[in-house]
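Fair warning: this is a prediction, and the values are worked out from it, not measured in the lab. All ligand and atom numbering here is 1-based and tracks the order in the structure. Throughout, numbering of the chain's residues begins at 1 and tracks the sequence.
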Amino acid sequence: MNKSFPGFFLLAILISCNNQPEPTVQDTDPNRTWWKEAVIYQIYPRSFKDTDGDGVGDLRGIIEKLDYIQSLGVNMVWLNPIYSSPNADNGYDISDYRGIMDEFGTMEDFDEMLKGMHDRGIKFVMDVVVNHSSDEHEWFRQSRSSRDNPYRDYYHWWPAEKGKPPYRWSYFDAEGNAWQYDSLTDAYYLHYFAEKQPDLKWENPKVRQEVYDIMKFWADKGVDGFRLDAFQFVAKDTTFPKLPEGYEKDVKNVIKHYGMGPNLHDYLREMNREVLSQYDVFAVSEGAGSTFEDAHNLVDADRNELQMAYHFEGMSVGNSLEGYALSEFKEVYTRWDSAFAQEGWLSIFLANHDVPRMVSKFGNDSPEFRAPSSKMLNTFILSMRGTPYCYYGDELGMTNISFDSIGQYRDIAAINGYKKVASAGGDVEQYLKELKFLSRDNGRTPMQWDGSEHAGFTAGTPWLPVNPNYTQINVQAQESDPNSCLNYFRKMVRLRKDNPVLVYGGYELLLPEHEQVYAYTRTLGEAKMLVLLNFSAENARIELPAGLEAGEVLINNYDAVEAAGSEVKLLPYQAVICGLK
Ligand code: NOJ
């Protein structure tokens with residue numbers, strides 16, 4: 001397994017495609033639903049807008065920017081965790097599931113924010129982090145206090161008299177060991193993530209009931225969806241057998257041995273019965289298992305489990321400092337689309353808070369090509385089947401900050417990863433080079449609102465520096481430019497919302513081997529669209545397959561496109577969607 005943090009997200013998976021006819025969607029079609037038609041905007045609340053000058057974004061900041069969010073045309077917002085937390089992992093370590101983090105505000109702020117969204121026709125997705133809690137959660141305080149405490153069985157403990165527990169890898173531990181010895185009760189507890197994130201024991205029905213009660217608490221408040229963090233890991237083999245030699249070389253084995261336990265589907269059906277089916281809400285799993293079958297078993301409608309999942313195979317493309325082959329990118333997205341053409345539903349995204357900025361990774365963040373390539377990538381996300389997740393700042397073409405020294409990082413994954421490499425005598429220079437490109441902090445720098453100090457994000461000192469390019473890349477500058485990334489994003493969102501073919505239509509890949517252009521059609525009944533995306537910094541020329549000719553241009557990130565018969569010429573990073581003649 002890749003031992004740097006991004007390895008966690010490189011969970012690749014395989015299976016064959018199927019070739020059955022595409023479904024059609026009419027207004028009465030029961031497959032039509034709001035969460036499939038939504039465009040989700042993901043906000044990292046720490047970095048969106050600070051209103052009290054402490055350098056950390058807050059809920060009042062989101063309230064202040066609700067009109068901006070609405071102006072994007074998006075109709076759902078997912079916020080990373082906003083619960084009370086000591087912030088070992090920026091909120092993914094929760095100490096009270098019914099409280100709001102002090103830095104972010106109060107429950108009154110939350111209620112006002114939610115109402116503000118609903119008043120604007122925007123739905124809201126809550127992050128649910130229940131593979132683990134914080135070690136400062138009352139459950140864990142009790143659990144660790146004695147072996148016979150009623151909460152002992154809320155977590156995974158290994159008594160020291162049984163010897164050392166079989167090794168388990170931890171994503172954030174500075175020594176890479178998921179078992180932490182606790183002298184108080186002479187036992188080890190399990191933490192797949194940081195030492196301060198002990199794993200909850202889902203095998204205990206009381207734990208599951210606690211989780212459902214928490215979800216009901218938020219559903220009663222009116223939240224519309226749940227994003228289930230690290231969910232494929234909740235069901236474990238609690239005998240913790242010794243793992244076979246070399247298992248970690250295949251990521252599929254990692255998922256199999258660390259999660260996706262046989263009870264997962266029972267738990268999900270229980271959650272569906274107790275919570276999801278009782279409200280008009282949807283739930284999306286972070287992670288989709290290690291096969292298409294796993295993914296289908298999570299999301300197919302007749303399973304009564306979840307509604308959506310996101311897979312990580314797309315994120316595993318482009319992690320090399322040498323770039324990536326477009327044919328590989330196309331192959332991954334096409335294979336996943338085919339596998340879900342008949343049943344099940346997935347998400348489409350190119351960035352989130354765990355990966356680099358989309359334009360720096362998949363596009364070209366040089367001053368010359370940043371704008372066209374970021375518009376091109378947004379055209380991709382918003383023209384594929386699946387629910388698009390658009391990460392804050394990507395509508396502007398925000399880029400990686402690219403830190404040089406370890407002291408600049410704030411992310412526990414980067415800091416502890418560095419310690420691990422250093423203490424093993426590894427190549428820290430190489431590690432820093434990879435971090436500079438792949439670190440999670442790249443995607444977490446504050447939102448760039450305007451050209452004033454700290455980009456208008458805070459009146460204080462930002463918790464993570466603002467990218468110095470904010471003087472050129474910011475909302476204010478882009479509002480007044482009709483050709484800006486921001487205004488292009490709005491146009492593209494509108495195109496998707498006006499055309500169900502972009503949501504439900506069948507997808508067909510053209511020119512699979514072409515290393516510059518990603519071309520595909522979307523078809524729903526009579527509606528047909530042709531999507532042409534030049535992923536390269538050079539001019540490109542394609543010959544459309546026999547019978548296809550580009551028609552009326554519906555969106556274009558340049559002023560014109562050169563097309564004659566079946567021949568189309570595209571400028572660097574040009575993106576065009578047109579009808580078909
Ligand atoms: C996945 C989240 O996306 C990531 O940010 C977090 O660090 C881990 N889960 C642990 O909760």
Side-chain angles (χ1 to χ4, degrees), residues 1-11 40 42-47 78-95 97 101 125-137 140 155 168-174 176 178 190-200 202 211 214 225-234 236 254-255 258-260 283-289 308-312 314-316 347 349-357 389 391-392 409-417 435 438-445 463-464:
M1 175 164 24
N2 179 343
K3 299 278 167 109
S4 64
F5 177 76
F8 168 50
F9 297 95
L10 310 185
L11 307 180
I40 297 185
Q42 181 195 345
I43 295 178
Y44 199 63
R46 243 186 140 60
S47 300
W78 154 32
L79 286 192
N80 294 99
I82 51 174
Y83 313 86
S84 307
S85 165
N87 279 316
D89 182 23
N90 288 357
Y92 281 96
D93 47 320
I94 296 168
S95 54
Y97 289 91
M101 190 190 297
V125 183
M126 194 81 180
D127 213 321
V128 179
V129 188
V130 285
N131 172 68
H132 44 269
S133 72
S134 163
D135 66 342
E136 296 184 32
H137 193 290
F140 191 73
Y155 297 86
R168 287 296 182 275
W169 188 72
S170 159
Y171 290 110
F172 302 154
D173 188 75
L190 185 75
H191 62 91
Y192 277 0
F193 295 91
E195 186 181 324
K196 284 183 70 61
Q197 294 169 294
D199 281 42
L200 283 159
W202 271 68
V211 170
I214 290 163
F226 298 102
R227 177 255 185 202
L228 303 175
D229 182 72
F231 208 70
Q232 54 192 357
F233 295 116
V234 300
K236 302 176 172 76
V254 176
I255 302 173
Y258 280 70
M260 293 305 286
V284 53
S285 158
E286 185 199 26
M308 214 192 283
Y310 49 94
H311 71 82
F312 291 120
M315 287 294 103
S316 71
S347 341
F349 64 102
L350 288 178
N352 61 34
H353 61 292
D354 290 325
V355 292
R357 278 284 168 191
Y389 285 58
Y391 191 51
Y392 84 97
Y409 290 93
R410 294 287 166 273
D411 177 20
I412 185 169
I415 295 168
N416 283 357
L435 265 190
L438 294 173
S439 104
R440 307 198 295 178
D441 280 339
N442 274 319
R444 297 176 175 186
T445 59
W463 74 277
L464 189 66

F231, F193, F233, Y192: member with heavy atom nearest to atom 8 (C) of ligand 1:
F193

Ranking V130, N80, I412, D354 by closest non-hydrogen atom to atom 4 (C) of ligand 1, top hit is D354

Partner of N131 by side-chain hydrogen bond (donor to acceptor under 3.5 Å, both in side chains), out of K236, Q197, Q232
K236

Which of the numbered atoms in ligand 1 are under 4.0 angstrom from any heavy atom belonging to H353?
2 (C), 3 (O), 4 (C), 5 (O)

Among side-chain atoms of Y155 and S133, is any donor-acceptor pair under 3.5 angstrom?
yes

Consider only side-chain N and O atoms of N352 and Y310, and report whether a donor and an acceptor are under 3.5 Å apart.
no

Once salt bridge (Lys or Arg N to Asp or Glu O under 4.0 Å) is applied, do any residues pair with D89, and if so which ones, sequence neighbours excluded?
R440

Sidechain-backbone polar pair: D173 side chain, A194 backbone, donor-acceptor under 3.5 Å
no

Residues forming a side-chain hydrogen bond (donor to acceptor under 3.5 Å, both in side chains) with N442, sequence neighbours excluded:
none

So is Y171 touching ligand 1 or not, going by heavy atoms under 4.0 Å?
no

Numbered atoms and elements of ligand 1 in range of R440, under 4.0 angstrom, heavy atoms:
4 (C), 5 (O), 6 (C), 7 (O)

Under 4.0 Å from one or more heavy atoms of H132, ligand 1 contributes atoms 10 (C), 11 (O)

Below 4.0 angstrom from a heavy atom of F172, which ligand 1 atoms are there? Numbered from 1 as shown, please.
7 (O)

